[in-house]
Structures are given as C-alpha cells and as structure tokens.
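Just so it is clear, the structure is predicted and the values come from calculations on it, not from any experiment.
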Amino acid sequence: MIYSTVTLTSLLVCVAQAVEPNPPSWPDTVSVFDPSMSQEEIEAVTEAAFALNGHYPSEDTPETGCQGKGEWSDYRFAFLFKPGSYEEVNVPMGYYTSAYGLGVAPTDTIFEGTNGAKGIYAEEDCGVYETGALGTFWRSAENFHSKSMFAWEVGSGMSWVVSQAAPVRNVKVDNDLLLFEYIPASCCAAGYASGGWASGMDVNGYTKFGSQQQFAFRSSDLHQQADLPVWNGVFMSSLGAPTAQCGASDDTGSTAASVTNEKELPLLAEKPYITFTNEKYQLVVPPVKAKAEAGLPWTENGQEGSTVIDFENVYVTQLTDTSTVIQAKLDEGLHVVISAGQYQLDDSLTLKHKNQVLLGIGYATLKAPSNGKPCIVVDDVDGVRVAGMLLQAGAWQTGAMMQVGVSGSYTASATNPVVLTDVFARVGGTSNGMGPVDAMFLVQSGYTVIDNTWLWRADHGTDGLVKNGENPAKNGLVVNADHVYAYGLAVEHTNEDNVVWNGNDGATFFFQAEIMYDYTADVWDHNCYKVGSNVTSHHASGLGCYSFFRDYPAECPVGFSVPEVEGVVLDKAVNVYLNGVDGSKISNIVNQDGGTAVVGHPIAYHCIA
C-alpha cells in the first residue's frame, strides 16, 4: 500500500539537531509481532500480559469471584503488529493493554480467524451478570482487519465488550461487531455494560449493542442495520446509522432509546498512528477536516492528506525517563511517543511548538507532579496533537491535569486546532487520599477538539468503595474558550458540576455523566452539564445524566443547566435513576422542564421539537 498523499514538511515543528534511531529502541512493555512468527510465539506474549492484567472467572465461585483481576495493575502493554496476515491468533485484551496494526490502512494487517480464531477481542470482566462489562475499562485496539467468524453467544465475529476509556478505532470487521455478552449462568440475561466509543469502523455484519446503556460511533460505515443501545445512541458522521429519534419511557423504564444521527461535524482530525514500511517506522498525522462528512476516514491507501514523519524526528521514551528528559526532547522540537509504562512526573510536559505530537501507546500513564501543575500543558500554539494517555492525580492539590492554553486569551486557528484524542484522567482508584483536583481538563484556548475522553473521579478502588467525598475533584471539564468541540465526552462522580462550559460556539455530541455516589446531604445543587450564564451559542445532543445516590436520599434539582436563549440548544437529553437510597432523584432534565427520574419512573427524556 502507498499513502495517497504524503507531506513531510508541514508538521516538522523545527529542525532538530539530534537524529533519533529508526527503528527505535522499544522498552520491554512494547512487543512487536511479525506475520512470520508462530501462533505459539505470539500468544505466549499476549497470554502472559492477560494473566497479569485480565479477568478470569473463578473456577470455585464462577458467579461471585475473579482471578487475575488487573483493574489496578501497575503493568502496561502495547502490542504492535507489522503488516501482513495472522492466521490462528487469539489476542485477549486486558486492562492497560493496546493492540495496533502498523499498516498504512486497516486492511494491511489482517487477523484471518482461521480455525475459529478470535483475533483481537475484549470480553466482559468475569462472566458475572451483575457486573458484566461495567468495569471493563482502559484497553484499546486500532488499525487492523478482523476476519474472525468465532461463534460467540450473541453472534459471529469480533467481540468488543467494554465500557468507558476502551476505544476501538479504524477496524474493518468482515462479520458481526458484538458489543455485549450473554451470560449462560444467568439464563437469558446479558451482562450490564455502560457504554463505549468506536470510530472509523467498517462493519459488514451486524453491529449489536444489546445491553450497552449508551454508545458513540463516529466516522463509520455500518453495512447492516444496527440495533440500538438501551438509553442513548449517538452516531456522528456515519453511514448506515439508525434514524434519529427521541427516547420514550414509562414506569418500567425506557421503551425507545434516544438516537442522535449527526451527519456532519464542525471540525475534526483523526488520531495520529504508527506505521512500519521499508523496515522503518513512521508517525502518521491525519489532516484537519472542516465540516467532516459521513463516511470512513480511511481507504485502502490510508488517510488522504496525512503528514508522514520519519521516526528520526520522533523520540520514543524509556521507562526510566523523567519529565526533564522528555521535556528536553519536546523542547528540541521532536515529536514524542510515550511508551507503555508509568511515569511519575516532577513537572508538566509542555508542548510549545506548532504541530507537535505527543502520542502515548499501551495506556502510558502520567502521574501528576507534586508541584500542583498539570501533567500536560499545551502552550498558546496551533495544531498540537495529544493522544493515547491516562493522567493520574497524586495525593496533593492540582489545578488541572490537562491544560490547553496558557494565557487564556489565545485566539487559535480555525483550520489548525489542538486535538486531544483518547486522553483519559482519573482521581483516586489506585488508593484513597488523592487530590484535590480543581479540573481534570481545563481548556482556555479556542479551536480545541476533544475526541473521546473519560474523566473519572473513582467511585471504588483498591481500598473498596469511595465514601464521604474522598479523592475530591471539583469539575471534570471546564471550557473557558470559544469554538471548542467534544465528541464522546464522559465525566463521572465529580464533587461539583461535572462539566462547566463558559465559551461560545461550542458543541458536544455524546455526553455521559454519573453524579457522585457518595453525596451525604439533602440537595446536590450542581449539574451534570452546565453552560455558563453569559454563553449565547452552544449546541449539544445525545446527553445522559445518571444518578445513584448510594449513601443518602439526595436530590439533584437539574441535570442540565443552560441559559434560556435562542442560540443555546440541548437536544435528546436523558435523566436516568440507576439506583439509590429511597427518595433520591433527579428532578428536572433541562432547567425547570420537569422530567423527574426516580424509583418507579427511572427514565425521563427531553427533545426539542
């Protein structure tokens, strides 16, 4: 395959003196596979990773226990598959594990599915109905062709049964794409699943959502009519998407899911990715698209208009690297790939050069510096791409974990935005006593695109359930700039408003939030999504606000708070009472429009005419 368009100059951020090695020196957490390798060689590596980071049903207590639980593992893994065909390979995806095809296009790296092989796949946690895939987080797969015909309980094809922070991107699926799992031990029930992200998907079979509560698809082609998620399905610039509709409910729950079908997106750029051609590695940076129309972002020749950067201009981190080492490479003008691993920062990583790329693989985890500064800062520059990382709070005050814009007044470029792709953040989980954090993401530079994120104040962790406001995070996302766009925005359990949006001309397509579980007073007087009182133009669609006041019969008066002006439009919003102490509820969906979600009537929808 060849690149349909190759540009080598526009994204070189400066002329760096040093030349990095190509091929690079990958650390042990990054495994590179070749089609000439045997099934046994490949699976010895992938199964060893899954033994550390995967979930296994307990043989002694199959309905209540797990063996090898990896949710809080310190291990990180990136699997890189060189172009070619892989015949009988099974690659289970556990926590903090990512698989990448290294072809120019997804069709260059093929998992044949010979003799019933599953290829790359993800299953729910433990085969337990009550938990299902509710905790199947932090894993990903990108840029390959799945021909698997494996016969799962719910269909034949590729299984990707996940929830938040587990994206699948740019995959050609010859058969079904299965997003839920049937639990034989529970007779006729599918395990719970709380939503996920897929983009660039070319699915020739059926796309089956089953028990997925919500899901976001972007820039995909669904050849067979998909069924619907339970409450909220959002399809952005996709072919074959279901017809848009308002959700409906009765006293038993949802009777018809909300469906958003957004044919065109205002501004978009796909995630950077790594290729391997002519025995060398390249970093591919897809182009910016204004008014992105429906359809796949790739062809068999790759992504048209991409910039291809030789790894001579890319620094690959080693696991012992400090923030000083990484920052020095960024300051040289190099692009940086953060290898799978955990990095305790002693200062922010700051991107100061136009068009610079910071790409993490294998859930590279950046731990917040103890000086209170962000993990990552994008200076007042255009075209920066940050992708593929998990940001983790420390046991100290942090203003923001990810910050875009320094001065707060930078105009930015309408044709060369900053793009954050698959960047996730969490406060707590690994232990209690984390934070406080003011905002997980702070955006104060215009023309910024957020393409799939999960900003999570943990409700549980190694110390059990989180209670009494521990590990405080005030807000998930705070936007103080105009022309900011969010596609696939999930924010959960913050102590105050999950999202605060103060800029004009912004948009969100797909939003999911859970109110904090551990509130212990009468009224949680905050919102899942709050648009500032001075905002005159904002559009959001496909929105969900969910409550589980676990510890007290609290009320959330309003799920979505917005100025009542003509230019601010919220469409297809839903409040859901998941569970909670008797008497707890969400009283209104948008402002004071009614639509109470409470035990006995747990779901309420809001749609514009």
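- Evaluation of the ring-ring contact (aromatic ring centres under 6.0 Å, His included) rule for Phe510 yields no partner, not counting sequence neighbours.
- Cation-pi check for Arg76 over Tyr363 is not met; the charged atom does not lie both under 6.0 angstrom from the ring centroid and within 45 degrees of its normal.
- A heavy-atom distance below 4.5 Å is not found between the side chains of Leu390 and Phe137.
- Side chain of Gln403 to main chain of Gly405: a donor-acceptor pair is present (N/O by atom type, distance under 3.5 Å, no hydrogens or angles).
- In this structure, Ser541 and Val234 have side chains that are not in contact, with every pair of non-hydrogen atoms separated by 4.5 Å or more.
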Set out, in order, the CA-CA distance, both residues' side-chain angles and the distance that settles side chain to side chain contact (heavy atoms under 4.5 Å, CB included) for Ile274 and Phe311, then state yes or no. CA-CA 9 Å; Ile274 300 169; Phe311 258 49; 4.1 Å; yes
Stepwise side-chain hydrogen bond (donor to acceptor under 3.5 Å, both in side chains) check, Asp438 with Gln397: CA-CA 8 Å; Asp438 291 339; Gln397 173 76 41; 3.1 Å; yes
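- Residues forming a disulfide bond (SG atoms under 2.5 Å apart) with Cys375 (at least two apart in sequence, or on another chain): none.
- Looking only at distances, a side-chain donor or acceptor of Gln212 sits under 3.5 Å from a matching main-chain atom of Val162.
- Expressed to the nearest 0.5 Å, how far CD1 of Ile326 lies from OG1 of Thr350 amounts to 12.0 Å.
- Here the side chains of Asp321 and Lys329 are not in contact, with every heavy-atom distance at 4.5 Å or above.
- Here the closest non-hydrogen pair linking Thr109 and Asn143 is CB-O, 4.2 Å.
- Proximity of Gln282 to Thr275: side-chain heavy atoms (C-beta onward) are separated by under 4.5 Å at one or more points.
- Looking only at side-chain heavy atoms (C-beta outward), Trp160 and Met201 stay at 4.5 Å or farther from each other.
- A cation-pi geometry, defined here as NZ or CZ lying under 6.0 Å from the six-membered ring centre and within 45° of its normal, does not hold between Arg139 and Tyr96.
- Under the 3.5 Å distance criterion, with hydrogens and angles disregarded, a donor-acceptor pair is assigned to the side chains of Ser237 and Ser219.
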Might you work through the side chain to side chain contact (heavy atoms under 4.5 Å, CB included) test for Val386 and Val404, ending with a clear yes or no? CA-CA 10 Å; Val386 180; Val404 179; over 6 Å; no
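- Looking at heavy atoms from C-beta onward, Thr448 lies out of side-chain contact with Pro417 at the 4.5 angstrom threshold.
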Evaluate Ser339 against Val316 for side chain to side chain contact (heavy atoms under 4.5 Å, CB included), listing each step before the verdict. CA-CA 7 Å; Ser339 302; Val316 174; 3.3 Å; yes
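- Asn371 places a side-chain N or O within 3.5 Å of a backbone atom of Lys373 that can act as its donor or acceptor partner.
- Ring centroids of Phe511 and Tyr529 are separated by less than 6.0 Å, placing the two rings close together.
- Using the six-membered ring where Trp is involved, Tyr447 and His483 have ring planes that are parallel, under 30° apart on the 30 and 60° scheme.
- Asp347 and Ser323 share no donor-acceptor pair across their side chains, judged by distance under 3.5 Å alone.
- Between Ser98 and Glu142, the closest side-chain pair of non-hydrogen atoms is not below 4.5 Å.
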Determine all donor-acceptor pairs shorter than 3.5 Å in which one atom belongs to a side chain in residues 287-298; sequence neighbours excluded.
| residue | atom | partner | partner atom | Å |
| --- | --- | --- | --- | --- |
| Trp298 | NE1 | Gly200 | O | 2.9 |

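- Scanning all heavy atoms of the two residues, the minimum distance from Cys528 to Ile515 falls at SG-CG1, 3.7 Å.
- Between Thr260 atom OG1 and Lys572 atom NZ the span is 5.0 Å, to the nearest 0.5 Å.
- In terms of the side-chain contact (heavy atoms from CB on, under 4.5 Å) criterion, residue partners of Pro92 (sequence neighbours excluded) are, by chain and number, Thr46, Glu47, Phe50, Tyr121.
- In the model, Glu124 has no side-chain atom that pairs as donor or acceptor with a side-chain atom of Thr136 under 3.5 Å.
- Judged by distance alone, with hydrogens and angles left aside, the side-chain atoms of His539 form no donor-acceptor pair with the main-chain N or O of Ala507 at under 3.5 Å.
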Could you pull out all donor-acceptor pairs under 3.5 Å where a side-chain atom in residues 469-477 meets a protein atom, sequence neighbours excluded?
| residue | atom | partner | partner atom | Å |
| --- | --- | --- | --- | --- |
| Glu470 | OE1 | Asn432 | ND2 | 3.4 |
| Glu470 | OE1 | Lys467 | N | 3.4 |
| Asn471 | OD1 | Gly433 | N | 2.9 |
| Asn471 | OD1 | Met434 | N | 2.9 |
| Asn471 | ND2 | Asn432 | OD1 | 3.0 |
| Asn475 | ND2 | Asp497 | O | 2.7 |

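- At distances below 3.5 Å, at least one donor-acceptor pair connects side-chain atoms of Ser159 with backbone N or O atoms of Ala122.
- The distance between the ring centers of Trp454 and Trp197 does not fall below 6.0 angstrom.
- The distance from the CZ atom of Phe560 to the CG atom of Leu543 is 5.0 Å, given to the nearest 0.5 Å.
- A donor-acceptor pair under 3.5 Å is formed between the side chain of Ser238 and the backbone N or O of Met236.
- Checked by atom type, the side-chain pair Asp505/Ser537 shows a donor-acceptor distance below 3.5 Å.
- When all heavy atoms of Ser220 and Ala198 are compared, the closest pair comes out as OG-O, 4.3 Å.
- Asn498 and Glu514 make their closest contact through ND2-O, 3.3 Å (heavy atoms, listed as atom of the first residue, atom of the second, distance).
- Here the side chains of Tyr546 and Gln512 are in contact, with some heavy-atom distance below 4.5 Å.
- His335 and Ile309 get closest at one heavy-atom pair: NE2-CD1, 3.4 Å.
- Judged as a side-chain contact (heavy atoms from CB on, under 4.5 Å), and not counting sequence neighbours, the contacts of Leu134 are Tyr192, Ser194, Gln213.
- Counting only N and O atoms by type, the side chains of Asp382 and Tyr410 include a donor and acceptor under 3.5 Å apart.
- Interatomic distance, Asp379 CG to Ser348 OG, rounded to the nearest 0.5 Å: 11.0 Å.
- The salt bridge (charged side-chain N to carboxylate O under 4.0 Å, His left out) test with Asp451 is passed by exactly one of Arg385, Lys271, Arg218: Arg218.
- The only member of Val449, Asn452, Thr421 that meets side-chain contact (heavy atoms from CB on, under 4.5 Å) when paired with Tyr487 is Val449.
- Less than 6.0 angstrom separates the ring centroid of Phe215 from the ring centroid of Phe217.
- Although no hydrogens or angles enter the test, the distance criterion places no donor-acceptor pair under 3.5 Å between the side chain of Thr398 and the main chain of Val437.
- Judged by distance alone, the side chain of Asn53 and the main-chain N or O of Tyr75 form a donor-acceptor pair under 3.5 Å.
- When all heavy atoms are compared, the tightest approach of Thr430 to Thr462 is O-OG1, 2.7 Å.
- Between the Asn480 side chain and the Gln444 main chain, no donor and acceptor come within less than 3.5 Å of each other.
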Verify side chain to side chain contact (heavy atoms under 4.5 Å, CB included) between Gln164 and Trp456, making sure each step is shown before the conclusion. CA-CA 10 Å; Gln164 290 84 356; Trp456 189 57; over 6 Å; no
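- With Gln342 contributing its side chain and Asp74 its backbone, the two residues share a donor-acceptor pair below 3.5 Å.
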